[in-house]
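By convention in this document, chain letters (A, B, ...) are assigned in the order of the sequence lines, proteins followed by strands, and residues within each chain are numbered from 1.
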2 protein chains.
Amino acid sequence: MFTRETLPAQGVRGYVGRMETSPQRRRDPVQARSRARVDTILDAADAVFLELGFAEATTNHVAARAQTSIGSLYRFFPDKDALLVALAERYGARMQALASQLTPMDPEGATLRGLISDGIDGFSAFLLANPGFVTLIHQARHPALTAGRRAQEGQMAALIGGLSAKLAPQLSAEEVSVIGEVAQTVLSALQTLAHIHDDARSREATLAEAKLMMTLYLSRRLGVPEDVPLASLGGGDTGQRGA
Amino acid sequence: MFTRETLPAQGVRGYVGRMETSPQRRRDPVQARSRARVDTILDAADAVFLELGFAEATTNHVAARAQTSIGSLYRFFPDKDALLVALAERYGARMQALASQLTPMDPEGATLRGLISDGIDGFSAFLLANPGFVTLIHQARHPALTAGRRAQEGQMAALIGGLSAKLAPQLSAEEVSVIGEVAQTVLSALQTLAHIHDDARSREATLAEAKLMMTLYLSRRLGVPEDVPLASLGGGDTGQRGA
DNA sequence: GGTAAACATGAGCAAAAGCTCACGTTATAA
DNA sequence: TTATAACGTGAGCTTTTGCTCATGTTTACC
């Protein structure tokens, strides 16, 4: 006979109802085998949530799609919500990578319009490659996500807020915050709208409107002309030349 | 003994699984008593969906909140989705009333900025009085709603599209459609954002940004100045003077 | 007032979904 | 080689939830 595995300290008690506590992994994978399995499960969850929506999807669906047993799923994810949280974390990392990738080489040579256009195109390409992310955005209000959301979706707002603060130092912190929130909301909504359409033509048409709207708004709100290289403006420093 | 009620023609068969067909009322109420009950149930559904979200809410929750029996609920609503559909219809009617109320007395005397400001304020007041509507908007992608959605949420898009076509007759039908869709999406998203905040101050701050953004966008896109009375423009006819 | 419909009730059924656990397999380390 | 821990499995248990239906009450109409 073999020894029974000692359960992790964090109170996995008998079955007394839904677990309402920490939606974390029940047990972190340590071998390469299981690490790959966790990734496979997340991929499956992503696909299933996209197809059925989070509410309709079941853990058994996900396990089946991942070609693994339901027991393996529950070994690493305490409940269905944990799948959502883990997915959000994974997308958060990808978003971070996208953000740094979209930071232009020569920010001072770029115009406001150019920055916005590149940003929207970049995010659109990201959505095209990660269709499940739209589903995740749609679930942003899920209670399990409220904690991690700041680090994920608010990232875009922070990026825009940072840009705003640099280009328009006269704005108060509160104004900057509102502008970032508003811009992030509009971008998210219009990207979602754009990617509802399957054909590239109407998607591009919607994205063009998004670019126009954001350019007009930020130009006015930050007091920055649309088509003038940011370097030639007297305002603030737009690049991080130092450390 | 009393005669068993003859079941309505539309196939209410034995219990062979979930009903996947028409999410309509199983039986329309004919007496005042039951008509009031249907309203009470809808009010309860509205409140419960707002509190728990549609996915988490159960029909038993709704019945309990309405202080009625689960049987009565199912007498008038074939399934949970039907509650959502009925709610959407009820809000659709209210939205229609709002739309006609927001149609200004003197459209030609108004400026573009004024029209937008009044529209946003009016819709904001509507959301304040109907907090459940936000939840409904969030469920807009629910399969059961796709049919009725056009008549409900698209109403705003149609309104804006109509305005666009009048003020800028040079635009193609497709352009008008995109503009309406985009404007409606942005307005909906920003109103939702505004009403997440409980305090009136930050709500107003967000709405001010929404007004600015919409004014800039529509002004540029339609080629109409922001602060000039629409009557003084050479363009199209802005009022329906005739029948 | 009598009768037939409409209306109302709630215990409880059937299915679905979340999740467990006893058992079996693979990797690791001594 | 062998002991131990990590990993993997899936039948099936428990709970939830959508929904029914046998029974009882109110309203409408003659």
Could you please name the option among [options] that lies closest to any side-chain atom of [X]?
| X | options | answer |
| --- | --- | --- |
| A/I70 | C/dC7, C/dT20, D/dG18 | C/dT20 |
| A/Y74 | C/dT9, C/dC7, C/dC19 | C/dC19 |
| B/V30 | C/dA17, D/dG8, C/dA6 | C/dA6 |
| A/N60 | C/dG18, D/dG10, C/dA11 | C/dG18 |
| A/T59 | D/dC7, D/dC19, C/dG18 | C/dG18 |

Using whole Å, what does the distance between atom [atom2] of nucleotide [N] and atom [atom1] of [X] come to?
| X | N | atom1 | atom2 | answer |
| --- | --- | --- | --- | --- |
| A/F76 | C/dC19 | CZ | P | 17 Å |
| A/L84 | C/dG18 | CG | P | 13 Å |
| B/D79 | D/dT17 | CG | P | 16 Å |
| B/Q67 | C/dG10 | CD | C1' | 15 Å |
| A/E56 | C/dA17 | CD | P | 8 Å |
| A/D81 | C/dC19 | CG | P | 8 Å |
| A/D28 | D/dC7 | CG | P | 9 Å |
| B/F54 | D/dT17 | CZ | P | 13 Å |

**OP:** Under the side chain to side chain donor-acceptor pair (under 3.5 Å) rule, what do B/H61 and B/T58 come out as? Steps first, then yes or no, please.
**Re:** CA-CA 5 Å; B/H61 281 144; B/T58 72; 3.1 Å; yes
Original post:
Going through the distances and angles, do A/D46 and A/Y91 end up as a side chain to side chain donor-acceptor pair (under 3.5 Å)?
Top reply: CA-CA 10 Å; A/D46 194 37; A/Y91 274 123; 2.8 Å; yes
State plainly whether the residues [X] and [Y] are in salt-bridge range, i.e. N to O under 4.0 Å.
| X | Y | result |
| --- | --- | --- |
| B/K211 | B/D121 | yes |
| A/R90 | A/D43 | yes |
| A/R201 | B/E174 | yes |

Separation of [Y] [atom2] from [X] [atom1] (nearest 0.5 Å):
| X | Y | atom1 | atom2 | answer |
| --- | --- | --- | --- | --- |
| B/M214 | B/S117 | CE | OG | 12.5 Å |
| A/D81 | A/H142 | CG | NE2 | 4.0 Å |
| A/L84 | A/L145 | CG | CG | 4.5 Å |
| B/M156 | B/T185 | CE | OG1 | 9.5 Å |

Could you pull out the protein-nucleic contacts involving nucleotides 26-30 of chain D (nitrogen or oxygen on both sides, under 3.5 Å)?
none

Hey, is the side chain of [X] poking within less than 4.0 Å of OP1 or OP2 on [N], counting only N and O atoms?
| X | N | result |
| --- | --- | --- |
| A/T68 | D/dT9 | yes |
| B/S69 | C/dT9 | yes |
| B/S72 | C/dT9 | yes |
| A/R37 | D/dA6 | no |
| A/S34 | D/dC7 | yes |

Original post:
NA contact type, B/A57, heavy-atom cut-off 4.0 Å: base, sugar-phosphate, or nothing?
Top reply: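 Touches sugar-phosphate only.
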Subject >> B/R37 side chain to B/S72 side chain, donor-acceptor N/O pair below 3.5 angstrom >> reply: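 Judged by distance alone, the side chains do not pair up.
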**OP:** Give me the bend of the helix from C/dG1-D/dC30 to C/dA30-D/dT1, using the axes of the five pairs at each end, rounded to 10°.
**Re:**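 That helix gives 10° between its end axes.
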